[in-house]
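One structure is given here, and the rest of the page talks about it.
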Amino acid sequence: MPGFELFGDKERAQVQDVLDSGVLMRYGFDGMRNGHWKAIELERALEKRMKVKHAQLVSSGTSALTVALVSAGIGAGDEVIMPTFTFVASFESILAIGAVPILVDVDDTMTLDPEAVEKAITTKTKIVMPVHMCGSMADLKALKSICETHGLLLLEDACQAIGGTFEGKPLGSYGDLGCFSFDYVKTITCGEGGAIITNNENYKANADHYSDHGHDHIGEDRGAESHPFLGYNYRISELNAAVGLAQLARLDEFLALQKKNYSVLRKALEDIEGVTFRRVPEGGVGSYAFLTYFLPDADIAKKAHTALGQAGVDACFYWYDNNWHYYRKWEHLIHKTSLGKLPQEVYDRLPDYLTSDFSRSDHWVGRAISCLIKLKWSEEEVRERTDKMVEVLKNLLK
Ligand SMILES: *Cc1c(COP(=O)(O)O)cnc(C)c1O
């Protein structure tokens with residue numbers, strides 16, 4: 001991660017194809033486009049790669065989450081369970097549809113703790129939204145079982161873990177719905193873009209209509225299509241889809257590089273006393289987009305993060321202090337600050353995140369360091385990083 005490291009001729013050729021036809025929109029203009037339907041082609045390719053019946057492309061990962069929630073019938077006042085460690089898109093998409101984000105602790109998988117999820121369920125809960133952060137997954141088996149018991153849906157945010165699997169199924173395909181992002185820093189990128197995958201025909205039809213102003217896409221003439229319900233514009237463009245096509249074809253190549261580089265780093269750290277690793281739930285295989293490990297306490301983790309930076313080991317993250325990824329810094333959510341007026345029902349029912357107890361999350365996230373795994377590193381660079389990282393950690397832990 002990220003896929004832009006390896007842009008090349010394939011991406012260029014795909015984009016040129018679209019420019020040659022002159023049709024940048026994914027719908028209509030049948031006569032002009034010389035048979036170029038990049039978005040449709042990418043949807044078929046995603047369905048095949050993710051072994052699902054339906055894929056719907058949209059303009060971003062955030063819109064994928066929004067559209068997925070609406071498509072599954074989630075709406076005003078419904079409670080959505082999400083983790084304390086994720087990207088801000090999780091609660092943005094929930095609030096965008098008037099639903100209520102219910103933050104829940106993460107465990108040593110760095111994703112939703114199934115026990116904490118069970119405790120957070122109320123009569124208003126409709127869906128559980130685990131986020132497979134940094135290339136590894138939530139305990140999907142446990143979460144699915146909880147969802148089945150309580151009649152809830154399961155939506156996987158697989159934006160950071162494309163290519164990983166759980167019980168042999170591609171991440172994103174295990175729950176009722178799954179979402180991907182193809183923004184500029186993701187494993188597969190097309191500039192801006194996202195996708196929803198599902199085996200549910202109804203959700204797919206809803207997503208297809210909702211993401212294009214409610215158009216039903218029936219008949220020859222776009223102007224004469226009817227609108228079964230209100231929608232918005234969450235469309236992807238042909239240019240973005242074209243880049244995505246080239247990148248998806250290279251996913252396995254990218255995953256192999258991530259795994260190779262990850263394995264060298266991990267093996268070296270395994271010998272250091274005091275370093276433990278993020279737990280991968282039984283049945284799961286990550287995408288190796290990051291290497292995430294724990295240090296004995298938050299103080300050492302903070303020092304390690306600073307020392308790694310000073311030693312020139314870039315792209316290592318201490319999420320506990322991060323502005324985007326951990327609840328402690330989500331001041332706008334905590335203080336309910338919104339540009340437009342939040343619906344009163346949402347405002348009143350948003351939990352008091354100022355006083356909520358997330359000490360379990362703090363325990364794990366406070367001790368964790370995550371290192372991004374790049375695709376383009378040479379063997380020499382990986383060795384150098386490994387040596388520096390080992391030196392820094394051994395120094396701190398002796
Ligand atoms: C990137 C990301 C998103 C949002 O994707 P965008 O395409 O940037 O809108 C959502 N969830 C997670 C976990 C992400 O990393």
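Whatever order the structure lists them in is the order used to number ligands and atoms, beginning at 1. It should be emphasised that the depicted structure is a prediction, and the values quoted were computed from it without experimental measurement. Quick note: numbers below take in every heavy atom, side chains included, and nothing from hydrogens, waters or symmetry partners.
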Next on the checklist: Taking the basic N atoms (NZ, or NE/NH1/NH2) and the acidic carboxylate oxygens, is any pair closer than 4.0 Å for E282 and K141?
Outcome noted: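 The answer is no: the pair does not qualify as a salt bridge.
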Checklist entry - Quick one: do R266 and E270 make a salt bridge, cutoff under 4.0 Å? => result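 Answer for the salt bridge query: yes.
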Nearest protein heavy atom with distance in Å, relative to [atom]:
| atom | value |
| --- | --- |
| atom 3 (C) of ligand 1 | F87 CD2, 3.6 Å |
| atom 8 (O) of ligand 1 | D183 OD2, 2.6 Å |
| atom 15 (O) of ligand 1 | Q160 NE2, 2.9 Å |

Would you please indicate yes or no on a ring centroid separation below 6.0 angstrom for [Y] and [X]?
| X | Y | result |
| --- | --- | --- |
| Y353 | Y327 | no |
| H215 | H227 | yes |
| F294 | F277 | no |

Checklist entry - Looking only at heavy atoms of K186, does any of them come nearer than 4.0 Å to an atom of ligand 1? => result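 True for this residue.
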Looking at [X], which atoms of ligand 1 are within less than 4.0 Å of one of its heavy atoms?
| X | answer |
| --- | --- |
| V131 | 13 (C) |
| S60 | 7 (O), 9 (O) |
| D157 | 10 (C), 11 (N), 12 (C), 13 (C) |
| G61 | 4 (C), 5 (O), 6 (P), 7 (O), 9 (O) |

Next on the checklist: Could you check whether any side-chain N or O of T189 sits under 3.5 Å from a backbone N or O of V185, counting only pairs where one atom can act as donor and the other as acceptor?
Outcome noted: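 Not at all, since once roles are kept as given, no pair shorter than 3.5 Å links the two residues.
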Item to check | ligand 1 versus T62: contacting region, heavy-atom distance under 4.0 Å | outcome: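 Under 4.0 Å from ligand 1, T62 contributes backbone and side-chain atoms.
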Checklist entry - Checking K144 against Y174: charged group under 6.0 Å from the ring centre and within 45 degrees of the axis? => result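 Here K144 passes the 6.0 Å and 45° test against Y174.
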